[in-house]
There are 2 protein chains.
Amino acid sequence: MATRTDAPTRREQILREAARLFAERGFHGVGVDEIGAAVGISGPGLYRHFAGKDAMLAELLVGISGQLLTGGRRRVAEAEGGAEGLLDSLIEGHIDFALDDRPLITLHDRELDRLRDSDRKLVRQLQRQYVELWVEVVREVYPELTEPAARSAVHSVFGLLNSTPHLGRPGALPGRTGTAELLHRMARGAFGAAGVTPGA
Amino acid sequence: MATRTDAPTRREQILREAARLFAERGFHGVGVDEIGAAVGISGPGLYRHFAGKDAMLAELLVGISGQLLTGGRRRVAEAEGGAEGLLDSLIEGHIDFALDDRPLITLHDRELDRLRDSDRKLVRQLQRQYVELWVEVVREVYPELTEPAARSAVHSVFGLLNSTPHLGRPGALPGRTGTAELLHRMARGAFGAAGVTPGA
DNA sequence: TCCACTAGTTAATGAGCGTTAACGCAACTC
DNA sequence: GAGTTGCGTTAACGCTCATTAACTAGTGGA
């Protein structure tokens, strides 16, 4: 547990820079020499830390999915109030992630197909569990939603929350907390509107 | 104008298949031989129709952005009721596009960086105009939104609407019209919630 | 009938890039 | 102080892939 605040290890440096570069120019658009240069070593030196370029992407994507799922489960376990507060907690967690790790969010649904079958299956499974976790909570807050509708709504809200990379880079927007609040309100509004049946 | 219902020309075939393949595996992940094979000719034969692989992507992305902007402007011009109805019309148009041309929607924000500077600038400009068109209408319907907030909200709603590629491929969802209605309601709900000021 | 043009073909070229080989060198251990 | 191990380096290999060259068959006027 002492590693938490230690200087980042080489592996972590590499992963961070690789994530940034992959997000900027795509997995195939980035060369190993570039990744190496970004951490001050050159090209093949990376192979002391990773089996290959694919392995970096795999570790990144599995890590993201796992982190999201773990965070979601923790929030479910720690939930005190009712489902309402829990949903707010999930939204808040997802927004924090989207705002703090934009490159990872970008990677998350862009480069999944570049993985080996086994890794891709694992990532898909983690993603599915995360979605199902949300679906349950959403249906508790909005019982009028059918399960397929709730699942669609969750995917769509993820699309909304994950739009942060498209928001102006520096700060034409109301600042971090303002953006987080705006996204939060919009997510709740979207779920609420999903619930009203159109025929009634 | 007779070309509308004619058999698709070779160029159009190629563009359609290229869009599908680029969306599935990324620009760099697809070879020209594959694109050729998808339309029944082989590899270098494509060069009778396009200057190169880059040119295909450029034409696709410029086409998408242009179509969106043109459609949006047409709706603004044809608007009869107030801003409310116009906003609904814009949302409807965007949803139609997202549902009918999923591969293009995917490409739209994934592969922009692979373009030559001039093309990228053009696409960005078209996108920006499309966003601004929405921002104006949104602010008319929700006057309490500041301009930056409205712009963020528009981007986020685009994220929501463009999430269609992530919705289950065949039809675990309520069918096309059901999905369209769900997305529409969520978009309106998101905008509405963006408008309420948190402090009040 | 000949010419020109369109739309293909296969073979060759050349660049880029992931990966491996071979080697160097501090730091730590016994 | 000799050996091992961790972490780099540069050079070379081999493959993929976009692009070009060279060539061919059909088609539609003049």
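First the proteins, then the strands, lettered A, B, ... as listed; each starts at 1.
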[X] [atom1] - [N] [atom2] separation (whole Å):
X	N	atom1	atom2	answer
A/Q13	D/dG8	CD	C1'	14 Å
A/D33	D/dA12	CG	C1'	14 Å
A/H28	C/dC17	NE2	C1'	11 Å
A/R11	D/dC7	CZ	P	11 Å
A/I35	C/dC17	CD1	C1'	12 Å
A/L21	C/dC17	CG	P	13 Å
A/K53	C/dG16	NZ	P	15 Å

Minimal non-hydrogen separation, B/R188 against B/D88, with atom names: NH1-OD1, 2.8 Å
Touch class at under 4.0 angstrom, heavy-atom based, for B/G45 against every strand present: base
Sugar-phosphate only, base, or nothing, as touched by B/V30 at under 4.0 Å among non-hydrogen atoms: sugar-phosphate
Donor-acceptor pair between B/H108 and B/N162 side chains, under 3.5 angstrom: no
5′-ward residue of the pair A/G40/B/G52 relative to DNA chain D: A/G40
5′-ward residue of the pair B/F27/A/L46 relative to DNA chain D: A/L46
Nearest-nucleotide 5' precedence on DNA chain C, A/Y47 against B/S42: B/S42
Validation row: B/V131, B/F158 side chains within 4.5 angstrom (heavy atoms): yes
Geometric class of the A/W134/A/H94 ring pair [parallel <30°, tilted 30-60°, perpendicular >60°]: perpendicular
Selected nucleotide, minimal atom distance to A/I41 side chain, candidates D/dG8, C/dG8, C/dG18: D/dG8
Closest listed nucleotide, where the reference is the side chain of B/P44 and the choices are C/dG18, D/dA18, C/dT10: C/dT10
Any donor-acceptor N/O pair under 3.5 Å between D/dG8 base and A/R48 side chain: yes
CZ-CE distance between A/F27 and A/M56, expressed to the nearest 0.5 angstrom: 8.5 Å
Side-chain N,O (A/R10) to OP1/OP2 (D/dG8) below 4.0 Å: yes
A/H49 vs D/dG8: side-chain N/O to OP1/OP2 distance below 4.0 Å: yes
